[in-house]
Amino acid sequence: MSKPICSTGLRWLWVMVVVLVLDFASKQWILGNFVLGQSQPLIPSFNLFYARNYGAAFSFLADHGGWQRWFFAGIAIAIVAVLLVMMYRSQAQQKLNNIAYAFIIGGALGNLFDRLWHGFVVDFIDFYVGNWHYPTFNLADSFICVGAAMIVLEGFLSPASKGAKSKGE
């Protein structure tokens, strides 16, 4: 019961490759041009700031002795596997969901690579207002959040379009 790859959501995996390349290139540029803790203002309320995240979002569990590295790596691998199955089961025409899945997979793999290679995730995007700073993050985190938002958006869009189609039948 195999389907041609191009007829499934896996057709959109090229988006994941783009996400990985952008994330990897941005982190390599930071690692090559910044020292830990260095900040470079770009525009008001936005800096590049090299930070290391040993935990998860908002440095959750960052100071727990190292076991969290493998825990979060396992979670990332599980999420990637589930999303790949979901992409395989979806149709290639479901662009919004498949691109969202590709964004999340690319971001998860980008951060997974950091965890496995460096032992931490390279973060560098720093937004602030006055003395308040949003936790530093990276492009992988951004793609994961945008992908999740796209899935939520699709949830709001799909029922209306399905309901309209069934009423018209």
Side-chain angles (χ1 to χ4, degrees), residues 1-32 51-62 67-125 127 134-169:
M1 293 183 49
S2 66
K3 306 185 249 186
I5 296 278
C6 288
S7 70
T8 72
L10 294 176
R11 168 188 226 171
W12 294 94
L13 281 180
W14 66 268
V15 174
M16 176 213 55
V17 173
V18 171
V19 169
L20 275 171
V21 167
L22 291 172
D23 181 61
F24 183 78
S26 66
K27 290 173 179 175
Q28 290 304 305
W29 186 80
I30 291 295
L31 288 169
R52 293 177 177 174
N53 183 351
Y54 292 91
F58 309 111
S59 294
F60 177 66
L61 297 177
W67 64 267
Q68 70 278 13
R69 172 184 182 187
W70 305 109
F71 175 72
F72 293 127
I75 289 173
I77 291 167
I79 288 170
V80 167
V82 167
L83 291 177
L84 285 170
V85 169
M86 291 173 71
M87 287 180 82
Y88 178 74
R89 290 182 177 173
S90 69
Q91 297 176 0
Q93 295 80 10
Q94 294 175 303
K95 292 178 187 175
L96 191 62
N97 266 349
N98 289 315
I99 291 171
Y101 297 154
F103 277 5
I104 295 169
I105 292 168
L109 290 176
N111 284 341
L112 175 64
F113 174 80
D114 274 4
R115 271 185 219 295
L116 297 178
W117 189 257
H118 303 297
F120 56 84
V121 174
V122 175
D123 286 335
F124 58 90
I125 300 172
F127 284 110
Y134 189 79
T136 308
F137 59 100
N138 58 44
L139 290 182
D141 300 332
S142 300
F143 279 109
I144 291 168
C145 289
V146 169
M150 289 169 66
I151 291 169
V152 170
L153 178 64
E154 175 70 16
F156 284 114
L157 296 177
S158 271
S161 64
K162 288 178 185 172
K165 285 181 184 176
S166 65
K167 285 181 184 177
E169 292 177 344

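For this chain, numbers begin at 1 and follow the sequence in order.
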- Query: With distance as the sole test, does W12 use its side chain to make a donor-acceptor pair with the main-chain N or O of A102 at under 3.5 Å?
  - Reply: no
- Give the minimum heavy-atom separation between F124 and T136, together with the two atoms involved. N-CG2, 3.5 Å
- Query: Of M86, M150, M16, which is the lone residue that meets side chain to side chain contact (heavy atoms under 4.5 Å, CB included) with Y101?
  - Reply: M86
- Query: For Q91, does its backbone N or O pair with a side-chain atom of Q94 as donor and acceptor, under 3.5 Å?
  - Reply: yes
- Within a strict 4.5 Å, meaning less than it, do heavy atoms of the H118 and L31 side chains meet? yes
- Query: Can you find a heavy atom in the side chain of R52 that is under 4.5 Å from one in the side chain of D123?
  - Reply: no
- Are any of the side-chain heavy atoms of I125 and L139 separated by less than 4.5 Å? yes
- How many angstroms lie between atom CG of L20 and atom CZ of F113, to the nearest 0.5 angstrom? 10.0 Å
- Flag for N138-S26: side-chain donor and acceptor within less than 3.5 Å: no
- Message: For a 4.5 angstrom cut-off between non-hydrogen side-chain atoms, does D141 reach N111?
- Response: yes
- So, do L96 and I151 sit near enough that their side-chain heavy atoms are less than 4.5 Å apart? no
- D114 side chain vs V122 backbone, donor-acceptor pair below 3.5 Å: yes
- Message: Taking the side chain as everything from C-beta on, heavy atoms only, tell me whether V80 gets closer than 4.5 Å to L83.
- Response: no
- Task: Kindly compute the distance separating CD1 (I79) from CD1 (I144), expressed to the nearest 0.5 Å.
- Result: 8.0 Å
- Query: Should I105 and M87 count as side-chain neighbours, where that means a heavy-atom distance under 4.5 Å?
  - Reply: yes
- Message: Tell me whether D23 contacts the main-chain N or O of A140 through its side chain, where contact means a donor paired with an acceptor under 3.5 Å.
- Response: yes
- What is the ring orientation for F127 with F137, classed by angle as parallel under 30°, tilted 30 to 60°, or perpendicular over 60°? parallel
- Task: Report yes if the side chains of N53 and F120 come closer than 4.5 Å at any heavy-atom pair, otherwise no.
- Result: no
- Work out which heavy atom in A92 is nearest to a heavy atom in T8; give both atom names and the distance. CB-O, 3.3 Å
